[in-house]
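Accompanying notes for the structure given below.
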2 protein chains.
Amino acid sequence: MKPETNIILIGAGNVATQLGLALSDAGYKISQVYSKTKSSSSVLAKKLKTESITDLKKLAQDASIYIIAVKDDAIRDVAAQLKLGNKIVVHTSGSVSINALKKVSTNYGVIYPLQTFTKGKSLNFKNVPLCIEGSNKSTSTTLQYFAKSVSSNVQQVDSDQRKVIHLAAVFACNFSNHMYTIAEEIMKKNKLSFGLLKPLIEETASKIKNNSPTEAQTGPAARGDKKVMKEHLKMLKNKDIKEIYKTLSNQIMKTASANKPA
Amino acid sequence: MKPETNIILIGAGNVATQLGLALSDAGYKISQVYSKTKSSSSVLAKKLKTESITDLKKLAQDASIYIIAVKDDAIRDVAAQLKLGNKIVVHTSGSVSINALKKVSTNYGVIYPLQTFTKGKSLNFKNVPLCIEGSNKSTSTTLQYFAKSVSSNVQQVDSDQRKVIHLAAVFACNFSNHMYTIAEEIMKKNKLSFGLLKPLIEETASKIKNNSPTEAQTGPAARGDKKVMKEHLKMLKNKDIKEIYKTLSNQIMKTASANKPA
(Lines give C-alpha, C1' and ligand atoms only; values in the text may rest on other atoms or scores of the structure.)
Protein backbone atom coordinates (compact mmCIF):
# COMPACT_ATOMS: atom_id res chain seq x y z
CA MET A 1 0.00 0.00 0.00
CA LYS A 2 2.94 2.26 0.56
CA PRO A 3 3.76 4.90 -0.60
CA GLU A 4 0.68 5.41 -2.82
CA THR A 5 -1.55 5.26 0.27
CA ASN A 6 -3.15 8.64 0.85
CA ILE A 7 -4.27 9.31 4.37
CA ILE A 8 -6.65 11.91 5.72
CA LEU A 9 -6.53 12.88 9.37
CA ILE A 10 -9.76 13.98 10.99
CA GLY A 11 -8.69 15.62 14.23
CA ALA A 12 -5.60 17.58 15.15
CA GLY A 13 -5.10 16.83 18.85
CA ASN A 14 -2.31 14.88 20.53
CA VAL A 15 -3.19 11.49 19.02
CA ALA A 16 -3.67 12.90 15.52
CA THR A 17 -0.38 14.78 15.81
CA GLN A 18 1.76 11.87 17.00
CA LEU A 19 0.14 9.39 14.63
CA GLY A 20 0.35 11.84 11.74
CA LEU A 21 4.05 12.46 12.34
CA ALA A 22 4.75 8.73 12.62
CA LEU A 23 2.88 8.03 9.37
CA SER A 24 4.64 10.85 7.61
CA ASP A 25 8.02 9.56 8.84
CA ALA A 26 7.08 6.12 7.54
CA GLY A 27 6.62 7.62 4.07
CA TYR A 28 2.85 7.93 3.88
CA LYS A 29 1.24 10.93 2.26
CA ILE A 30 -1.19 12.79 4.51
CA SER A 31 -3.37 14.61 2.02
CA GLN A 32 -5.58 16.60 4.39
CA VAL A 33 -5.93 17.48 8.07
CA TYR A 34 -9.36 18.41 9.38
CA SER A 35 -10.20 20.13 12.62
CA LYS A 36 -13.20 22.31 13.40
CA THR A 37 -10.69 24.65 15.04
CA LYS A 38 -8.74 26.43 12.33
CA SER A 39 -5.63 27.05 14.43
CA SER A 40 -5.27 23.39 15.46
CA SER A 41 -5.84 22.16 11.96
CA SER A 42 -3.34 24.52 10.38
CA VAL A 43 -0.63 23.88 12.98
CA LEU A 44 -0.72 20.15 12.28
CA ALA A 45 -1.16 20.60 8.51
CA LYS A 46 1.96 22.75 8.49
CA LYS A 47 3.93 20.08 10.35
CA LEU A 48 2.77 17.50 7.85
CA LYS A 49 3.17 19.85 4.86
CA THR A 50 -0.39 19.30 3.76
CA GLU A 51 -3.78 20.96 3.32
CA SER A 52 -5.77 22.15 6.33
CA ILE A 53 -9.59 22.09 6.28
CA THR A 54 -12.22 23.08 8.83
CA ASP A 55 -15.29 21.93 6.91
CA LEU A 56 -16.01 18.22 6.57
CA LYS A 57 -17.74 18.93 3.24
CA LYS A 58 -14.32 19.72 1.80
CA LEU A 59 -13.00 16.28 2.67
CA ALA A 60 -11.35 14.69 -0.37
CA GLN A 61 -13.07 11.47 -1.42
CA ASP A 62 -9.98 9.83 -2.91
CA ALA A 63 -7.91 8.92 0.15
CA SER A 64 -7.30 5.27 1.04
CA ILE A 65 -7.56 5.58 4.80
CA TYR A 66 -9.50 8.07 6.88
CA ILE A 67 -8.40 8.32 10.51
CA ILE A 68 -10.85 9.87 12.96
CA ALA A 69 -8.76 10.97 15.93
CA VAL A 70 -11.16 13.25 17.78
CA LYS A 71 -12.46 13.16 21.36
CA ASP A 72 -14.50 10.06 22.19
CA ASP A 73 -17.78 11.91 22.45
CA ALA A 74 -17.27 13.63 19.08
CA ILE A 75 -16.75 10.42 17.07
CA ARG A 76 -20.44 9.76 16.44
CA ASP A 77 -21.02 13.39 15.41
CA VAL A 78 -18.18 13.26 12.91
CA ALA A 79 -19.23 9.81 11.66
CA ALA A 80 -22.77 11.05 11.02
CA GLN A 81 -21.39 13.57 8.55
CA LEU A 82 -19.32 11.11 6.53
CA LYS A 83 -20.19 8.81 3.63
CA LEU A 84 -17.06 7.12 2.35
CA GLY A 85 -18.32 4.20 0.25
CA ASN A 86 -15.76 1.44 0.61
CA LYS A 87 -12.81 3.55 1.78
CA ILE A 88 -11.20 2.39 5.01
CA VAL A 89 -12.21 4.54 7.96
CA VAL A 90 -10.98 4.04 11.52
CA HIS A 91 -11.26 5.77 14.86
CA THR A 92 -8.55 5.75 17.52
CA SER A 93 -10.57 5.48 20.70
CA GLY A 94 -10.19 2.92 23.47
CA SER A 95 -13.74 3.12 24.68
CA VAL A 96 -15.87 3.59 21.55
CA SER A 97 -17.20 0.51 19.74
CA ILE A 98 -16.20 -0.21 16.17
CA ASN A 99 -19.91 0.03 15.34
CA ALA A 100 -19.83 3.81 15.67
CA LEU A 101 -18.47 3.79 12.10
CA LYS A 102 -20.89 1.23 10.63
CA LYS A 103 -22.75 3.71 8.47
CA VAL A 104 -19.68 5.52 7.18
CA SER A 105 -18.20 2.84 4.96
CA THR A 106 -18.34 -0.88 4.25
CA ASN A 107 -14.75 -1.11 5.49
CA TYR A 108 -14.27 0.34 8.94
CA GLY A 109 -12.19 -0.34 11.99
CA VAL A 110 -10.18 0.90 14.92
CA ILE A 111 -6.54 1.71 15.54
CA TYR A 112 -6.23 2.36 19.26
CA PRO A 113 -2.77 3.54 20.30
CA LEU A 114 -2.34 2.38 23.89
CA GLN A 115 -0.30 5.34 25.02
CA THR A 116 -0.60 8.72 26.71
CA PHE A 117 0.30 11.57 24.40
CA THR A 118 1.39 14.94 25.65
CA LYS A 119 1.49 18.12 23.65
CA GLY A 120 5.07 18.96 22.76
CA LYS A 121 6.52 15.68 24.05
CA SER A 122 7.59 13.42 21.24
CA LEU A 123 8.03 9.70 21.71
CA ASN A 124 9.19 6.72 19.74
CA PHE A 125 6.02 5.59 18.01
CA LYS A 126 7.59 2.22 17.16
CA ASN A 127 7.08 1.25 20.84
CA VAL A 128 3.42 2.28 21.01
CA PRO A 129 1.14 -0.78 21.15
CA LEU A 130 -1.55 -0.43 18.48
CA CYS A 131 -4.77 -2.35 19.14
CA ILE A 132 -6.52 -2.86 15.84
CA GLU A 133 -9.91 -4.18 14.76
CA GLY A 134 -11.46 -4.42 11.31
CA SER A 135 -15.08 -4.83 10.26
CA ASN A 136 -14.12 -7.68 7.96
CA LYS A 137 -11.18 -9.91 7.12
CA SER A 138 -9.72 -7.74 4.36
CA THR A 139 -9.95 -4.56 6.44
CA SER A 140 -8.27 -6.32 9.37
CA THR A 141 -5.46 -7.48 7.10
CA THR A 142 -4.98 -4.01 5.62
CA LEU A 143 -4.99 -2.39 9.06
CA GLN A 144 -2.55 -4.98 10.37
CA TYR A 145 -0.13 -4.22 7.55
CA PHE A 146 -0.68 -0.49 7.88
CA ALA A 147 -0.22 -0.43 11.68
CA LYS A 148 2.92 -2.55 11.47
CA SER A 149 4.57 0.05 9.31
CA VAL A 150 4.58 2.51 12.22
CA SER A 151 4.65 0.27 15.31
CA SER A 152 6.43 -2.93 16.21
CA ASN A 153 3.66 -3.87 18.65
CA VAL A 154 0.38 -4.50 16.79
CA GLN A 155 -2.43 -6.54 18.38
CA GLN A 156 -5.76 -7.70 16.96
CA VAL A 157 -8.25 -6.84 19.68
CA ASP A 158 -12.06 -6.84 19.51
CA SER A 159 -14.25 -4.00 20.86
CA ASP A 160 -14.98 -5.76 24.18
CA GLN A 161 -11.31 -6.49 24.80
CA ARG A 162 -10.40 -2.94 23.85
CA LYS A 163 -12.83 -1.58 26.45
CA VAL A 164 -11.18 -3.76 29.09
CA ILE A 165 -7.72 -2.55 28.04
CA HIS A 166 -8.94 1.03 28.20
CA LEU A 167 -10.30 0.48 31.70
CA ALA A 168 -7.02 -1.09 32.83
CA ALA A 169 -5.16 1.83 31.24
CA VAL A 170 -7.14 4.27 33.39
CA PHE A 171 -5.65 2.62 36.47
CA ALA A 172 -2.17 2.14 34.99
CA CYS A 173 -1.89 5.67 33.61
CA ASN A 174 -4.53 8.16 34.76
CA PHE A 175 -4.81 6.97 38.34
CA SER A 176 -1.09 6.42 38.87
CA ASN A 177 -0.53 9.95 37.53
CA HIS A 178 -3.04 11.20 40.08
CA MET A 179 -0.94 9.56 42.79
CA TYR A 180 1.98 11.66 41.53
CA THR A 181 -0.28 14.73 41.73
CA ILE A 182 -1.12 14.07 45.37
CA ALA A 183 2.56 13.45 46.15
CA GLU A 184 3.40 16.76 44.47
CA GLU A 185 0.77 18.59 46.54
CA ILE A 186 2.10 17.10 49.79
CA MET A 187 5.65 18.13 48.92
CA LYS A 188 4.67 21.64 47.78
CA LYS A 189 2.56 22.31 50.86
CA ASN A 190 5.66 21.60 52.93
CA LYS A 191 7.99 23.61 50.70
CA LEU A 192 9.83 20.50 49.55
CA SER A 193 10.80 19.87 45.94
CA PHE A 194 8.72 17.34 44.00
CA GLY A 195 11.90 16.67 42.02
CA LEU A 196 13.23 14.69 44.97
CA LEU A 197 10.61 12.02 44.22
CA LYS A 198 11.34 11.67 40.51
CA PRO A 199 13.97 8.91 40.74
CA LEU A 200 11.54 6.95 42.92
CA ILE A 201 8.70 7.34 40.44
CA GLU A 202 10.95 6.28 37.59
CA GLU A 203 12.18 3.20 39.45
CA THR A 204 8.66 2.21 40.55
CA ALA A 205 7.56 2.16 36.92
CA SER A 206 10.75 0.46 35.80
CA LYS A 207 10.38 -2.36 38.34
CA ILE A 208 7.31 -3.80 36.70
CA LYS A 209 9.19 -4.45 33.47
CA ASN A 210 10.46 -7.66 35.06
CA ASN A 211 8.31 -8.09 38.17
CA SER A 212 4.61 -8.46 38.67
CA PRO A 213 3.42 -5.30 40.49
CA THR A 214 1.78 -7.55 43.09
CA GLU A 215 5.20 -8.91 44.00
CA ALA A 216 6.85 -5.49 43.69
CA GLN A 217 4.53 -3.93 46.26
CA THR A 218 6.38 -2.27 49.16
CA GLY A 219 5.50 0.28 51.85
CA PRO A 220 3.70 0.47 55.19
CA ALA A 221 0.47 -1.16 53.97
CA ALA A 222 2.27 -4.05 52.25
CA ARG A 223 4.10 -4.88 55.47
CA GLY A 224 1.08 -4.18 57.67
CA ASP A 225 2.82 -1.39 59.58
CA LYS A 226 -0.20 0.08 61.36
CA LYS A 227 1.84 2.55 63.41
CA VAL A 228 3.18 4.32 60.32
CA MET A 229 -0.22 4.25 58.58
CA LYS A 230 -1.85 5.82 61.64
CA GLU A 231 0.79 8.56 61.70
CA HIS A 232 0.32 9.23 57.98
CA LEU A 233 -3.43 9.57 58.43
CA LYS A 234 -2.82 12.04 61.22
CA MET A 235 -0.54 14.09 58.95
CA LEU A 236 -3.12 14.26 56.13
CA LYS A 237 -5.45 17.20 56.68
CA ASN A 238 -7.41 17.01 53.42
CA LYS A 239 -10.27 14.62 54.02
CA ASP A 240 -10.44 13.37 50.40
CA ILE A 241 -6.74 12.50 50.41
CA LYS A 242 -7.15 10.87 53.82
CA GLU A 243 -9.94 8.73 52.37
CA ILE A 244 -7.76 7.73 49.39
CA TYR A 245 -4.92 6.80 51.75
CA LYS A 246 -7.26 4.61 53.83
CA THR A 247 -8.96 2.92 50.89
CA LEU A 248 -5.72 2.12 49.06
CA SER A 249 -3.90 0.94 52.18
CA ASN A 250 -6.76 -1.41 53.03
CA GLN A 251 -6.78 -2.72 49.49
CA ILE A 252 -2.99 -3.28 49.52
CA MET A 253 -3.27 -5.13 52.84
CA LYS A 254 -6.02 -7.33 51.39
CA THR A 255 -3.98 -8.08 48.27
CA ALA A 256 -0.87 -8.79 50.34
CA SER A 257 -2.64 -11.26 52.61
CA ALA A 258 -4.30 -12.96 49.63
CA ASN A 259 -0.88 -13.45 48.03
CA LYS A 260 0.99 -14.53 51.14
CA PRO A 261 2.43 -18.03 50.86
CA ALA A 262 0.36 -20.33 53.07
CA MET B 1 37.50 9.57 55.84
CA LYS B 2 38.04 7.18 52.98
CA PRO B 3 39.34 4.50 52.75
CA GLU B 4 40.17 4.10 56.45
CA THR B 5 36.47 4.36 57.30
CA ASN B 6 35.22 1.03 58.61
CA ILE B 7 31.51 0.49 58.29
CA ILE B 8 29.27 -2.02 60.03
CA LEU B 9 25.92 -2.88 58.54
CA ILE B 10 23.14 -3.85 60.93
CA GLY B 11 20.52 -5.43 58.72
CA ALA B 12 20.77 -7.49 55.55
CA GLY B 13 17.58 -6.67 53.65
CA ASN B 14 17.16 -4.76 50.40
CA VAL B 15 18.33 -1.38 51.72
CA ALA B 16 21.34 -2.87 53.53
CA THR B 17 22.25 -4.84 50.43
CA GLN B 18 22.07 -1.97 47.94
CA LEU B 19 23.72 0.51 50.28
CA GLY B 20 26.40 -2.01 51.24
CA LEU B 21 27.24 -2.75 47.63
CA ALA B 22 27.37 0.96 46.79
CA LEU B 23 29.69 1.65 49.74
CA SER B 24 31.89 -1.28 48.86
CA ASP B 25 32.08 -0.07 45.24
CA ALA B 26 33.06 3.37 46.53
CA GLY B 27 36.03 1.80 48.32
CA TYR B 28 34.75 1.61 51.88
CA LYS B 29 35.51 -1.39 54.04
CA ILE B 30 32.44 -3.10 55.47
CA SER B 31 33.86 -4.90 58.49
CA GLN B 32 30.73 -6.77 59.64
CA VAL B 33 27.18 -7.54 58.56
CA TYR B 34 24.62 -8.32 61.25
CA SER B 35 21.24 -9.95 60.82
CA LYS B 36 19.30 -11.99 63.32
CA THR B 37 18.65 -14.39 60.43
CA LYS B 38 21.83 -16.31 59.72
CA SER B 39 21.07 -16.97 56.05
CA SER B 40 20.40 -13.28 55.26
CA SER B 41 23.45 -12.12 57.11
CA SER B 42 25.80 -14.61 55.47
CA VAL B 43 24.44 -14.00 51.94
CA LEU B 44 25.19 -10.28 52.20
CA ALA B 45 28.48 -10.81 54.07
CA LYS B 46 29.63 -13.06 51.25
CA LYS B 47 28.75 -10.41 48.65
CA LEU B 48 30.71 -7.85 50.63
CA LYS B 49 33.54 -10.29 51.46
CA THR B 50 33.21 -9.67 55.17
CA GLU B 51 32.25 -11.23 58.50
CA SER B 52 28.68 -12.26 59.19
CA ILE B 53 27.25 -12.09 62.74
CA THR B 54 23.84 -12.92 64.20
CA ASP B 55 24.47 -11.71 67.74
CA LEU B 56 24.66 -7.99 68.48
CA LYS B 57 27.04 -8.72 71.37
CA LYS B 58 29.66 -9.67 68.79
CA LEU B 59 29.50 -6.26 67.16
CA ALA B 60 32.99 -4.79 66.77
CA GLN B 61 33.40 -1.54 68.67
CA ASP B 62 36.02 -0.03 66.39
CA ALA B 63 34.04 0.89 63.26
CA SER B 64 33.58 4.53 62.28
CA ILE B 65 29.99 4.33 61.08
CA TYR B 66 27.23 1.94 62.12
CA ILE B 67 24.31 1.75 59.73
CA ILE B 68 21.06 0.34 61.09
CA ALA B 69 19.08 -0.75 58.03
CA VAL B 70 16.36 -2.90 59.58
CA LYS B 71 12.57 -2.68 59.42
CA ASP B 72 11.12 0.51 60.92
CA ASP B 73 9.57 -1.23 63.88
CA ALA B 74 12.81 -3.05 64.74
CA ILE B 75 14.98 0.10 64.95
CA ARG B 76 14.18 0.87 68.59
CA ASP B 77 14.77 -2.77 69.61
CA VAL B 78 18.16 -2.80 67.95
CA ALA B 79 19.04 0.65 69.33
CA ALA B 80 18.22 -0.49 72.87
CA GLN B 81 20.96 -3.11 72.59
CA LEU B 82 23.69 -0.76 71.40
CA LYS B 83 26.11 1.50 73.27
CA LEU B 84 28.55 3.05 70.84
CA GLY B 85 30.13 5.93 72.74
CA ASN B 86 30.87 8.64 70.20
CA LYS B 87 30.84 6.48 67.06
CA ILE B 88 28.52 7.64 64.32
CA VAL B 89 25.33 5.59 64.14
CA VAL B 90 22.52 6.13 61.63
CA HIS B 91 19.28 4.50 60.65
CA THR B 92 17.86 4.50 57.11
CA SER B 93 14.15 4.93 57.73
CA GLY B 94 11.83 7.52 56.28
CA SER B 95 9.33 7.46 59.11
CA VAL B 96 11.40 7.00 62.28
CA SER B 97 12.67 10.07 64.13
CA ILE B 98 16.37 10.68 64.57
CA ASN B 99 15.70 10.54 68.32
CA ALA B 100 15.30 6.77 68.21
CA LEU B 101 19.12 6.67 68.33
CA LYS B 102 19.64 9.27 71.06
CA LYS B 103 20.83 6.80 73.66
CA VAL B 104 23.14 4.86 71.36
CA SER B 105 25.86 7.43 70.79
CA THR B 106 26.60 11.13 71.12
CA ASN B 107 26.82 11.28 67.32
CA TYR B 108 23.77 9.88 65.58
CA GLY B 109 21.79 10.55 62.49
CA VAL B 110 19.79 9.34 59.51
CA ILE B 111 20.61 8.41 55.93
CA TYR B 112 17.26 7.84 54.23
CA PRO B 113 17.57 6.58 50.66
CA LEU B 114 14.46 7.82 48.86
CA GLN B 115 14.10 4.83 46.59
CA THR B 116 12.31 1.48 46.30
CA PHE B 117 14.70 -1.44 46.41
CA THR B 118 13.86 -4.84 45.00
CA LYS B 119 15.63 -8.05 45.76
CA GLY B 120 17.77 -9.03 42.81
CA LYS B 121 17.25 -5.77 40.91
CA SER B 122 20.34 -3.62 40.93
CA LEU B 123 20.20 0.10 40.27
CA ASN B 124 22.58 2.99 39.89
CA PHE B 125 23.00 4.18 43.48
CA LYS B 126 24.50 7.49 42.27
CA ASN B 127 20.95 8.54 41.32
CA VAL B 128 19.34 7.65 44.64
CA PRO B 129 18.44 10.79 46.64
CA LEU B 130 19.87 10.47 50.16
CA CYS B 131 18.09 12.51 52.83
CA ILE B 132 20.47 12.99 55.71
CA GLU B 133 20.22 14.39 59.21
CA GLY B 134 22.83 14.59 61.97
CA SER B 135 22.41 15.08 65.73
CA ASN B 136 25.01 17.85 65.65
CA LYS B 137 27.00 19.97 63.22
CA SER B 138 30.02 17.69 62.98
CA THR B 139 27.91 14.56 62.46
CA SER B 140 25.91 16.34 59.73
CA THR B 141 29.12 17.36 58.01
CA THR B 142 30.54 13.85 58.18
CA LEU B 143 27.30 12.30 56.90
CA GLN B 144 27.12 14.84 54.10
CA TYR B 145 30.63 13.95 52.97
CA PHE B 146 29.98 10.23 53.43
CA ALA B 147 26.65 10.25 51.54
CA LYS B 148 28.11 12.28 48.68
CA SER B 149 30.66 9.57 48.04
CA VAL B 150 27.89 7.16 46.96
CA SER B 151 25.13 9.48 45.67
CA SER B 152 25.10 12.64 43.62
CA ASN B 153 21.82 13.74 45.21
CA VAL B 154 22.29 14.42 48.94
CA GLN B 155 19.83 16.59 50.87
CA GLN B 156 19.92 17.83 54.46
CA VAL B 157 16.40 17.13 55.75
CA ASP B 158 15.09 17.23 59.32
CA SER B 159 12.92 14.51 60.88
CA ASP B 160 9.64 16.35 60.25
CA GLN B 161 10.50 16.99 56.60
CA ARG B 162 11.60 13.39 56.21
CA LYS B 163 8.22 12.18 57.47
CA VAL B 164 6.48 14.36 54.89
CA ILE B 165 8.74 13.02 52.13
CA HIS B 166 8.00 9.48 53.27
CA LEU B 167 4.27 10.15 53.17
CA ALA B 168 4.52 11.63 49.68
CA ALA B 169 6.60 8.62 48.64
CA VAL B 170 3.79 6.29 49.70
CA PHE B 171 1.57 7.97 47.09
CA ALA B 172 4.29 8.30 44.44
CA CYS B 173 5.54 4.73 44.78
CA ASN B 174 3.40 2.35 46.84
CA PHE B 175 0.03 3.63 45.69
CA SER B 176 1.00 4.07 42.05
CA ASN B 177 2.32 0.50 42.12
CA HIS B 178 -1.03 -0.63 43.48
CA MET B 179 -2.69 1.01 40.47
CA TYR B 180 -0.48 -1.22 38.31
CA THR B 181 -1.62 -4.20 40.38
CA ILE B 182 -5.28 -3.43 39.74
CA ALA B 183 -4.56 -2.92 36.04
CA GLU B 184 -2.81 -6.29 35.97
CA GLU B 185 -5.79 -7.98 37.65
CA ILE B 186 -8.22 -6.47 35.16
CA MET B 187 -6.10 -7.64 32.23
CA LYS B 188 -5.54 -11.13 33.66
CA LYS B 189 -9.21 -11.66 34.42
CA ASN B 190 -9.91 -11.01 30.76
CA LYS B 191 -7.03 -13.16 29.50
CA LEU B 192 -5.15 -10.13 28.20
CA SER B 193 -1.43 -9.61 28.66
CA PHE B 194 -0.36 -7.05 31.27
CA GLY B 195 2.71 -6.54 29.07
CA LEU B 196 0.56 -4.54 26.68
CA LEU B 197 0.33 -1.79 29.32
CA LYS B 198 4.04 -1.55 30.05
CA PRO B 199 4.95 1.13 27.49
CA LEU B 200 2.04 3.21 28.85
CA ILE B 201 3.24 2.86 32.43
CA GLU B 202 6.76 3.79 31.41
CA GLU B 203 5.62 6.86 29.50
CA THR B 204 3.29 8.00 32.31
CA ALA B 205 6.22 8.00 34.73
CA SER B 206 8.53 9.56 32.16
CA LYS B 207 6.14 12.45 31.46
CA ILE B 208 6.53 13.97 34.91
CA LYS B 209 10.26 14.48 34.39
CA ASN B 210 9.39 17.67 32.54
CA ASN B 211 5.71 18.24 33.31
CA SER B 212 3.84 18.74 36.54
CA PRO B 213 1.58 15.68 37.01
CA THR B 214 -1.37 18.03 37.48
CA GLU B 215 -0.85 19.30 33.94
CA ALA B 216 -0.05 15.82 32.61
CA GLN B 217 -3.36 14.37 33.80
CA THR B 218 -5.39 12.74 31.02
CA GLY B 219 -8.29 10.29 30.86
CA PRO B 220 -12.06 10.22 31.25
CA ALA B 221 -12.13 11.93 34.67
CA ALA B 222 -9.76 14.71 33.60
CA ARG B 223 -12.01 15.55 30.66
CA GLY B 224 -15.21 14.99 32.63
CA ASP B 225 -16.39 12.19 30.33
CA LYS B 226 -19.24 10.87 32.48
CA LYS B 227 -20.43 8.40 29.86
CA VAL B 228 -17.13 6.50 29.84
CA MET B 229 -16.82 6.63 33.64
CA LYS B 230 -20.32 5.19 34.00
CA GLU B 231 -19.46 2.37 31.61
CA HIS B 232 -16.23 1.64 33.48
CA LEU B 233 -18.08 1.43 36.79
CA LYS B 234 -20.52 -1.00 35.19
CA MET B 235 -17.62 -3.18 34.00
CA LEU B 236 -16.00 -3.33 37.47
CA LYS B 237 -17.50 -6.17 39.48
CA ASN B 238 -15.23 -5.99 42.53
CA LYS B 239 -16.82 -3.50 44.90
CA ASP B 240 -13.49 -2.33 46.40
CA ILE B 241 -12.05 -1.57 42.97
CA LYS B 242 -15.30 0.15 42.01
CA GLU B 243 -14.95 2.34 45.09
CA ILE B 244 -11.34 3.21 44.21
CA TYR B 245 -12.41 4.09 40.66
CA LYS B 246 -15.14 6.40 41.97
CA THR B 247 -13.02 8.09 44.64
CA LEU B 248 -10.07 8.74 42.34
CA SER B 249 -12.21 9.93 39.43
CA ASN B 250 -14.01 12.38 41.70
CA GLN B 251 -10.71 13.62 43.04
CA ILE B 252 -9.28 14.06 39.52
CA MET B 253 -12.38 16.00 38.47
CA LYS B 254 -12.02 18.26 41.50
CA THR B 255 -8.33 18.86 40.80
CA ALA B 256 -9.04 19.51 37.11
CA SER B 257 -11.72 22.09 37.84
CA ALA B 258 -9.53 23.79 40.47
CA ASN B 259 -6.72 24.12 37.93
CA LYS B 260 -8.85 25.22 35.00
CA PRO B 261 -7.90 28.67 33.71
CA ALA B 262 -10.65 31.10 34.74
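Letters A, B, ... mirror the listed sequences (proteins, then strands); counts begin at 1. For clarity, every value in this text was computed on a predicted model and none was experimentally measured.
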Please report the shortest heavy-atom distance between I186(A) and V164(B), naming the atom on each side. CG2-CG1, 3.8 Å
Heavy-atom closest contact (Q155(A) atom, L196(B) atom, distance): CG-CD1, 3.5 Å
Hey, does the side chain of E203(A) reach the backbone of Q115(B) with a donor-acceptor pair shorter than 3.5 angstrom? no
Sidechain N-carboxylate O distance under 4.0 Å for D240(B), K254(A): yes
Taking all non-hydrogen atoms of both residues, which atom of G219(A) and which atom of N174(B) are closest, and how far apart? CA-OD1, 3.2 Å
Any residue of residues 165-173 of chain A which, by heavy atoms, sits under 4.5 Å from chain B: I165(A), H166(A), L167(A), A168(A), A169(A), V170(A), F171(A), A172(A), C173(A)
For F175(B) and M179(A), the nearest pair of non-hydrogen atoms, with its separation, is CB-SD, 3.6 Å
Look up atom CD in E243(A) and atom OG1 in T247(B), then write down how far apart they are to the nearest 0.5 Å. 7.0 Å
Below 4.0 angstrom, N of the basic side chain to O of the carboxylate: do D73(A) and R223(B) qualify? no
Mind checking the CG-CD1 spacing from L197(A) to I208(B)? Nearest 0.5 Å is all I need. 8.5 Å
Which atoms of K121(A) come close to chain B, meaning under 4.5 Å heavy atom to heavy atom: side chain ones, backbone ones, both, or neither? side chain
Heavy atoms only, distances under 4.5 angstrom: which of V128(A), D72(A), T204(A) has the most pairs with chain B? Name it, please. T204(A)
Shortest non-hydrogen contact from P213(A) to N177(B)? O-ND2, 2.8 Å
Applying side-chain hydrogen bond (donor to acceptor under 3.5 Å, both in side chains) between T214(A) and each of H178(B), E185(B), E184(B), report the one that passes. E184(B)
